[in-house]
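Read the numbers this way: they start at 1 and go in the same order the structure lists the ligands and their atoms. In what follows, every heavy atom counts, from backbone to side chain, and hydrogens, waters and symmetry copies are set aside. Note that the numbering runs from 1 along the sequence shown for the chain. Here the structure is a predicted model, which means the values were calculated and not measured.
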Amino acid sequence: MSERPRILTGDTPTGRLHLGHWVGSVKRRVQLQQTHDCYFIIANYHAFTTRPENSGEIRSDCLEIARDHLAMGIDPDLSTIFLQSEIPAIHELCFLFAMLLPFNRVMRNPTLKDEIKVKDLGETYSFGFPLYAVGQCSDILTFRPVGVPVGADQVPHLEMTREVARRFNQMYCNVDVHAEDDDHVKLGGVFPVPRADVGAVGRLMGIDGKNKMSKSLGNAIFISDSAKEVEKKVMKIFTGRQSPTEPGDVNNALFQFVEAFIQDAARVAELKDRYSRGDNLGDGHVKKEVAEAINTLLEPMRKRRAQFEGRDDLVMDILRTGCTKANATAEATLEAARKAANLHFFPRSVGYRSK
Ligand code: ATP
Ligand code: MG
């Protein structure tokens with residue numbers, strides 16, 4: 001298992017997982033677990049950066065996200081699902097990494113700026129909010145992965161993570177500033193310089209037809225939605241088109257759903273052709289087909305999810321096993337990083353008591 005190349009990715013428990021997660025990242029995760037050593041983080045401290053007053057909800061969202069993972073086909077025998085707050089090494093490395101990034105570099109991160117805007121954080125966000133961007137570098141590098149399967153919005157974070165890995169290796173491991181990214185570990189660096197692996201649909205729009213589908217924006221179709229809820233939500237996808245004979249824009253949100261979820265390529269081509277010509281093809285008709293396709297995808301996921309509904313004990317067991325394995329990997333990284341940064345004083349281990 002450990003011979004396999006490693007990947008890490010994850011989600012913030014700010015709600016349940018949605019179709020954007022599936023197309024942007026989780027579909028790829030399900031494939032990669034056959035060939036890679038996979039770590040999936042539930043980034044619960046990061047949820048505190050925007051809603052620290054809702055700690056109870058954050059806790060229950062952790063379990064919901066784990067259920068969503070299992071529903072979508074993440075196999076806990078193949079992959080490690082774990083909680084960020086249970087891995088002390090992540091937070092220790094975060095402190096070191098925060099010194100390697102200029103403050104203004106963090107604040108210029110376009111994903112951070114975008115979040116401040118769309119989540120309406122204005123001038124009121126906490127000191128801790130931008131820290132999550134550094135924390136994310138640490139979530140990733142603590143596991144020393146070669147790749148990170150993510151949606152397109154995460155690419156700027158990955159770029160920062162790559163900078164941190166290079167700087168650490170140059171500052172503390174004597175890796176030459178001109179070294180190729182792929183050579184850093186060979187040249188003695190503690191951290192590989194990981195690549196972003198963006199899914200087939202890097203940015204699925206929400207049903208508002210305006211913003212990225214997002215747990216926090218009320219525009220998401222959730223993996224756990226019932227067939228009826230899916231139909232209702234798909235019917236709401238906003239296109240602004242007035243009549244079935246009006247030539248439609250096949251780059252709109254509705255057609256992004258057509259391309260992402262209708263499996264039959266010939267049917268997709270036909271729908272696009274008729275829609276763009278205004279050949280008496282109403283939005284309602286297209287939406288019905290989209291809803292059917294989404295429900296076909298979600299049906300087996302609903303069945304798998306049902307096995308874990310009301311079974312927090314099963315989910316907690318899976319998380320405990322995942323956290324134990326994640327800590328072993330994370331402590332090995334921390335030890336290497338501490339040695340490199342002259343912070344190695346006493347060997348230690350992290351473990352759980354039975355009670
Ligand atoms: P939040 O609104 O709290 O930021 P989110 O819906 O953006 O939540 P995250 O937990 O931030 O979800 O993202 C988890 C992963 O899913 C990331 O890799 C992200 O890029 C990907 N992802 C999230 N939304 C989409 C989307 N609409 N399309 C494609 N990928 C997405
Ligand atoms: Mg997000």
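- Under 4.0 Å is where a charged nitrogen must lie from a carboxylate oxygen, and between Asp181 and Arg166 at least one such pair does.
- Checked by distance only, ligand 1 and Val150 stay at 3.5 Å or farther apart across all their nitrogen or oxygen atoms.
- Those atoms of ligand 1 that come under 4.0 Å of a heavy atom in Gln154, given as number and element, are 17 (C), 18 (O), 19 (C), 20 (O).
- Geometrically, ligand 1 and Gly151 share a nitrogen or oxygen pair separated by less than 3.5 Å.
- Looking at Asp11 next to ligand 1, no N or O pair under 3.5 Å apart turns up.
- Side-chain atoms of Arg167 and Gln170 include no donor-acceptor pair closer than 3.5 Å.
- Inclusion of Glu115 in the set of residues having an N or O under 3.5 Å from an N or O of ligand 1 is not warranted.
- Every atom of ligand 1 with a heavy atom of Asp153 under 4.0 Å away is listed here by number and element: 19 (C), 20 (O).
- Remark: ligand 1 atoms within the under-4.0 Å shell around heavy atoms of Val201 are 29 (C).
- For ligand 1, the atoms lying closer than 4.0 Å to a non-hydrogen atom of Gly202 are 28 (N), 29 (C), 30 (N).
- A side-chain donor-acceptor contact under 3.5 Å links Thr9 to the backbone of Pro149.
- Between Arg241 and Glu246, no side-chain nitrogen of the basic residue sits less than 4.0 Å from a carboxylate oxygen of the acidic one, so the salt-bridge criterion is not met.
- Interface atoms of ligand 1 facing Lys119, defined by a heavy-atom separation under 4.0 Å, are 1 (P), 2 (O), 3 (O), 4 (O).
- Counting heavy atoms of neighbouring residues, nucleotides and ligands inside a 6.0 Å radius, atom CZ of Phe238 does not exceed 12 of them.
- An N or O contact shorter than 3.5 Å links Lys212 to ligand 1 by distance.
- Among the atoms of Met213, some N or O lies under 3.5 angstrom from an N or O of ligand 1.
- Heavy atoms of Met205 stay at 4.0 angstrom or farther from ligand 1.
- Among residues two or more places apart in sequence or in another chain, the side chain to side chain donor-acceptor pair (under 3.5 Å) test is passed with Asp75 by none.
- In summary, the atoms of ligand 1 found under 4.0 Å from a heavy atom of Gly10, numbered by their order in the structure, are 14 (C), 15 (C).
- In the displayed structure, Tyr352 atom OH is contacted under 6.0 Å by more than 12 heavy atoms of other residues, nucleotides or ligands.
- Set against the non-hydrogen atoms of Thr14, the atoms of ligand 1 under 4.0 Å away are 1 (P), 3 (O), 8 (O).
- A salt bridge links Asp279 with Arg274: the closest approach of a Lys/Arg side-chain nitrogen to an acidic carboxylate oxygen falls below 4.0 angstrom.
- Taking every heavy atom of Gly24 and a limit of under 4.0 angstrom, the matching atoms of ligand 1 come to 29 (C), 30 (N).
- Checked against a 3.5 angstrom limit, the closest N/O atoms of Arg29 and ligand 1 fall outside it.
- With distances taken over non-hydrogen atoms, the option nearest atom 28 (N) of ligand 1 out of Thr49, Leu204, Asn219, Val155 is Leu204.
- When heavy-atom distances to ligand 1 are checked against a 4.0 Å cut-off, Lys215 comes that close through both its backbone and its side chain.
- Across all non-hydrogen atoms, the minimal contact from Pro145 to Pro192 is O-CG, 3.5 Å.
- Not a single heavy atom of Gly206 sits closer than 4.0 Å to an atom of ligand 1.
- Within the 3.5 Å criterion, the main-chain N or O of Ala269 finds no donor-acceptor partner in the side chain of Asp273.
- Residue Ser25 has no nitrogen or oxygen atom sitting less than 3.5 Å from a nitrogen or oxygen atom of ligand 1, judged on distance alone.
- The number of heavy-atom neighbours closer than 6.0 Å to CD of Glu53, taken from other residues, nucleotides and ligands shown, is above 12.
- Residues passing the side chain to side chain contact (heavy atoms under 4.5 Å, CB included) test with Lys339, sequence neighbours excluded: Glu335, His344.
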